[in-house]
Amino acid sequence: MIISIASGKGGTGKTTVAVNLALSMDTQVQFLDCDVEEPNAHLFLHPVLNEPKIVTTPVPWIDENRCNLCGKCAEICQFKAIVVIGKTVLPFHELCHSCGGCMEVCPEKAITETGRELGLIERGHRNGLEFVHGRLRVGEAMSPPLIKEVRSYTRPDILTIIDAPPGTSCPVIASMNGADFVLLVTEPTPFGLYDLKLAVGAVKILGIPCGLIINRSDMGDDKVKAYAKQEDLPILMEIPFDRRIAEAYSRGEILVEVMPEWKEKFKTLFRRIQGIVSGRTG
Ligand code: SF4
Ligand code: SF4
């Protein structure tokens, strides 16, 4: 099963939930940190990491001796990533989406592939937990290809927990697509509710069952709960504001290790998710 843990808004406790759920399981688990712009699960899990692997994406390289300046490559590019200026064809690699269109249409076969570095993949383990995360290169704008690379390590035979980036844009979709369940972590504030509605809209388009975790549930107002009722979204766990939880987080400690009574709550959370997923597939 693949559980993707997301949140419309940053700072809701998404990584805390993902890490604690992973460490509460008695079975083998794989943890994929797909928040490649700012991966932080390793700061809590402290996995032993192997050699990093550099990930690249193909971008065009022009052979000026072959090019006849026909402009067909610039015409087909929807991203203005290749232009003909005077007697030069200029590719802008940072804008290129690696669709390969320019290479296909070039009548002179003047375009070949070179690589643009997207970032790194690091794999490792913490006891029995398999760990993979991506680190987007500083300055790189396109994270979905790197997220897809992280997800390519998904093992179908064990539980996979994905820590998705915050928000509702392409990187989040790349982290949720194909999951069996999306767990949305939110907080009972107007900002939390606003971003939750956007996240629920995205999950509904993907057709994936989802449920909520309300963090700092005893603060704010009841509007998130009213919204959940209206949309028939199960609230699978509530985490109250607790100074001990906040202190553990600020020290990079893991909740289920500092307060072991939470382990059973995360196991119950998983059983509830299993029930929803199996009810749906059944
Ligand atoms: S590969 Fe696609 S996006 Fe990149 S320059 Fe060529 S046509 Fe444009
Ligand atoms: S399509 Fe090929 S030949 Fe035409 S301008 Fe582009 S690189 Fe040159």
Side-chain angles (χ1 to χ4, degrees), residues 2 4 6 8 10 32-39 51-123 132-154 160 162-179 182 195 198-199 201-208:
I2 302 173
S4 187
L32 306 183
D33 189 350
C34 287
D35 190 358
V36 298
E37 288 181 44
E38 207 174 351
E51 278 293 298
K53 176 187 149 196
I54 293 174
V55 179
T56 61
T57 190
V59 291
W61 181 83
I62 318 296
D63 181 348
E64 290 182 359
N65 294 323
R66 285 178 166 236
C67 174
N68 65 9
L69 301 170
C70 70
K72 288 194 170 143
C73 51
E75 266 172 43
I76 198 172
C77 184
Q78 300 298 299
F79 305 99
K80 308 281 181 231
I82 190 164
V83 292
V84 181
I85 302 173
K87 294 195 171 170
T88 312
V89 177
L90 207 54
F92 293 97
H93 287 168
E94 297 300 326
L95 299 178
C96 176
H97 282 55
S98 306
C99 71
C102 53
M103 289 170 236
E104 282 293 317
V105 299
C106 177
E108 303 299 322
K109 301 289 173 223
I111 306 179
T112 50
E113 280 181 13
T114 183
R116 181 181 90 222
E117 187 181 327
L118 291 172
L120 301 171
I121 294 281
E122 289 178 309
R123 299 172 66 194
V132 186
H133 74 179
R135 288 178 186 270
L136 196 67
R137 177 178 60 81
V138 173
E140 173 58 52
M142 278 203 297
S143 59
L146 187 59
I147 291 171
K148 283 179 190 153
E149 185 71 22
V150 174
R151 290 199 58 182
S152 72
Y153 290 94
T154 302
T160 300
I162 295 176
D163 188 3
T168 48
S169 56
C170 298
V172 188
I173 303 299
S175 306
M176 297 194 299
N177 202 8
V182 173
D195 290 335
L198 296 176
V203 177
K204 281 190 174 168
I205 289 170
L206 293 173
I208 304 170

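Model, not experiment: these values are computed from the prediction. Counting starts at 1 for both ligands and their atoms, following the listed order. Hydrogens, waters and symmetry mates are skipped; everything else that's a heavy atom, side chains included, is used.
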Notebook entry, point to check: With atoms numbered from 1 as shown, which atoms in ligand 1 lie under 4.0 angstrom from a non-hydrogen atom of Phe79?
Noted result: 3 (S)
Next item on the list: Output yes if Cys102 passes the N/O/S-under-2.8 Å test against atom 6 (Fe) of ligand 1; output no otherwise.
Entry: yes
Notebook entry, point to check: Between Val89 and ligand 2, which residue portion shows a heavy-atom distance shorter than 4.0 Å: side chain, backbone, both, or neither?
Noted result: side chain
Check: Should you measure from each heavy atom of Ile111, which atoms of ligand 2 turn up under 4.0 Å away?
Finding: 7 (S)
Notebook entry, point to check: Which ligand 2 atoms are under 4.0 Å away from a heavy-atom of Gly71?
Noted result: 4 (Fe), 5 (S)
Margin query: In the structure I gave you, are the side-chain heavy atoms of Pro107 and Cys70 within less than 4.5 Å of one another anywhere?
Written below: yes
Item checked: Interfacing atoms of ligand 1 (cut-off 4.0 Å, heavy-atom, His97) -> 3 (S), 4 (Fe)
Checklist line | Under 4.0 Å to a heavy atom of Asn68 - the qualifying atoms of ligand 2, by number | finding: 3 (S), 4 (Fe)
Check: Relative to ligand 1, is Pro60 under 4.0 angstrom through side chain, backbone, both or neither, heavy atoms considered?
Finding: side chain
Item checked: From CD (Glu122) to NZ (Lys53), nearest 0.5 Å -> 12.5 Å
Note to self: Taking backbone and side chain together, does Cys77 place any N/O/S atom at a distance below 2.8 Å from atom 8 (Fe) of ligand 1?
What the structure shows: yes
Note to self: Show me which atoms of ligand 1 lie under 4.0 Å from any heavy atom of Gly100.
What the structure shows: 1 (S), 2 (Fe)
Next item on the list: Identify, for atom 2 (Fe) of ligand 2, the protein heavy atom at the shortest distance, and state residue, atom and that distance.
Entry: Cys106 SG, 2.3 Å
